[in-house]
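Contents: one structure, followed by commentary.
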Amino acid sequence: MADDVSRETPSIVDELYPRSAARLAQYAELLATEGTLRGLIGPREVPRLWDRHLLNCALVERLIPENASVADIGTGAGLPGIVLALVRPDLEVALVEPLLRRTTFLDEAVEQLELKNAEVVRARAEQLGGRTFDVVVSRAVAPLDRLAQWCLPLCVEGGLMLAMKGQSAEAELAEHERALDALGAEDRHVHHVGVEELTQPTTVVSIVAGRAARGSQHGRRGR
């Protein structure tokens with residue numbers, strides 16, 4: 001099964017991320033084997049690992065500034081955090097996940113992929129002890145209002161919250177306008193990334209964190 005995943009690596013991966021293609025394929029193999037055995041990836045997801053998971057996550061990097069510190073909240077099997085660390089070696093990525101069986105997998109993945117720019121943090125978002133980041137990302141974790149409560153306080157002032165969402169992203173953003181205002185959210189946009197590369201582009205809600213979002217935190221970098 002793992003060999004099949006590696007052989008089916010789309011040519012677009014080499015075009016978009018030539019320096020990262022081999023390790024992305026290695027990560028795909030890891031997800032298809034250990035990831036499914038440990039219940040982190042459903043067996044039905046294996047045939048669509050590239051388009052629905054790896055490429056879907058990789059293209060989020062287009063919204064992230066250079067040399068940013070990044071926290072991936074509720075990273076699970078490392079999506080999108082591990083992918084972002086692979087395709088953007090300039091980033092410093094914290095893989096935040098509270099469940100031991102998942103962090104065990106993440107530790108092994110980081111070691112096997114020789115990721116020098118990623119660290120595994122076993123914690124919930126609210127347990128990060130005042131650490132803040134330039135960018136906080138999440139993928140299918142929670143409704144936008146609850147997600148913002150977790151993510152915006154982790155952003156430096158003017159930092160960016162990126163929430164990977166589905167087709168209802170615009171409606172969800174409109175629904176939670178008041179809650180976002182109360183949390184100090186500033187500029188908000190819905191991005192459709194990978195329109196030319198993917199059959200189903202990645203939908204991302206971006207929110208700029210204002211001063212109120214940080215509360216008593218003081219803009220410490222993620223490292």
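Numbering of residues begins at 1 and proceeds along the displayed sequence.
Across all their heavy atoms, A163 and L144 have their closest contact at CB-CD1, 4.1 Å. Taking every heavy atom of both residues into account, A118 and V110 meet most closely at O-CG1, 4.0 Å. Pairing each heavy atom of L160 with each of C155, the nearest pair is O-SG, 3.7 Å. A58 and L84 get closest at one heavy-atom pair: O-CD2, 4.3 Å. The two residues I41 and L49 make their nearest non-hydrogen contact at CG2-CD2, 4.3 Å. The two residues W150 and A142 have their closest heavy-atom pair at CZ3-CB, 3.6 Å.
Contact annotation: the side chain of L40 approaches that of F105 to within less than 4.5 Å [non-hydrogen atoms, C-beta and beyond]. Annotation: side chain of F133 is not in contact with side chain of V93 (no heavy-atom distance under 4.5 Å). Counting heavy atoms from C-beta outward, V96 and L154 have side chains that stay 4.5 Å or more apart. Between I82 and L115 there is a side-chain heavy-atom pair separated by less than 4.5 Å. Using a 4.5 Å heavy-atom threshold, the side chains of I64 and R88 count as touching. Here the side chains of V205 and M164 are not in contact, with every heavy-atom distance at 4.5 Å or above. Residues I73 and V136 form a side-chain contact, since some pair of their non-hydrogen atoms from C-beta on lies under 4.5 Å apart. At least one side-chain heavy atom of L24 sits under 4.5 Å from a side-chain heavy atom of V87.
In this structure, D181 pairs ionically with R188, as a charged nitrogen and a carboxylate oxygen lie closer than 4.0 Å. Using a 4.0 Å cut-off between a side-chain N of Lys or Arg and a carboxylate O of Asp or Glu, E172 and K165 qualify as a salt bridge. Ion pairing between E108 and R38 holds under the 4.0 Å rule for side-chain N and carboxylate O. Ionic pairing of E119 and R131 is present here: one or more N-O contacts between side-chain nitrogen and carboxylate oxygen are shorter than 4.0 angstrom. Between E34 and R102, no side-chain nitrogen of the basic residue sits less than 4.0 Å from a carboxylate oxygen of the acidic one, so the salt-bridge criterion is not met.
Atom CD of E114 has 12 or fewer heavy atoms from other residues, nucleotides or ligands within 6.0 Å.
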Just do the side-chain contact (heavy atoms from CB on, under 4.5 Å) check on D51 and T199 with the steps written out, would you? CA-CA 8 Å; D51 59 343; T199 304; 6.0 Å; no
Could you go through T203 and E170, starting from their C-alpha distance and side-chain angles, then the distance that decides it, and tell me whether this counts as side-chain contact (heavy atoms from CB on, under 4.5 Å)? CA-CA 10 Å; T203 301; E170 293 188 13; over 6 Å; no
As a quick check of understanding, evaluate side-chain contact (heavy atoms from CB on, under 4.5 Å) for Q112 and L30, giving each step before the final call. CA-CA 9 Å; Q112 291 183 34; L30 190 58; 3.8 Å; yes
Would you please test L183 and Q149 for side-chain contact (heavy atoms from CB on, under 4.5 Å) and show each step? CA-CA 7 Å; L183 291 167; Q149 290 178 10; 3.9 Å; yes
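Distance check, rounded to the nearest 0.5 Å: CZ of R101 to CG of L106 gives 11.0 Å. In this structure, CD on E61 lies 11.5 Å from CG on L162, to the nearest 0.5 angstrom. Between the NZ atom of K116 and the CD atom of E92 there is a distance of 12.5 Å, given to the nearest 0.5 Å. With rounding to the nearest 0.5 Å, the separation of CD in E45 from CG in L79 is 10.5 Å. Between the OG1 atom in T9 and the CG atom in L54 there is a gap of 9.0 Å [rounded to 0.5 Å]. Here CG of L86 is found 8.5 Å from CD of Q26. Values are rounded to the nearest 0.5 Å.
Put simply, the residue from C151, P65, S69 that forms a side chain to side chain contact (heavy atoms under 4.5 Å, CB included) with V135 is P65.
With no hydrogens or angles considered, a side-chain donor-acceptor pair links H191 and S206 at under 3.5 Å.
Of the possible polar contacts, one joining the Q127 side chain to the R124 backbone as a donor-acceptor pair under 3.5 Å is found. Side-chain N or O atoms of D90 include one that pairs as donor or acceptor with a backbone N or O of N67 at under 3.5 Å. Side chain of T103 to main chain of L100: a donor-acceptor pair is present (N/O by atom type, distance under 3.5 Å, no hydrogens or angles). A distance-only check finds a donor-acceptor pair linking the side chain of R122 to the backbone of P98 [under 3.5 Å]. Judged by distance alone, the side chain of D72 and the main-chain N or O of L95 form no donor-acceptor pair under 3.5 Å.
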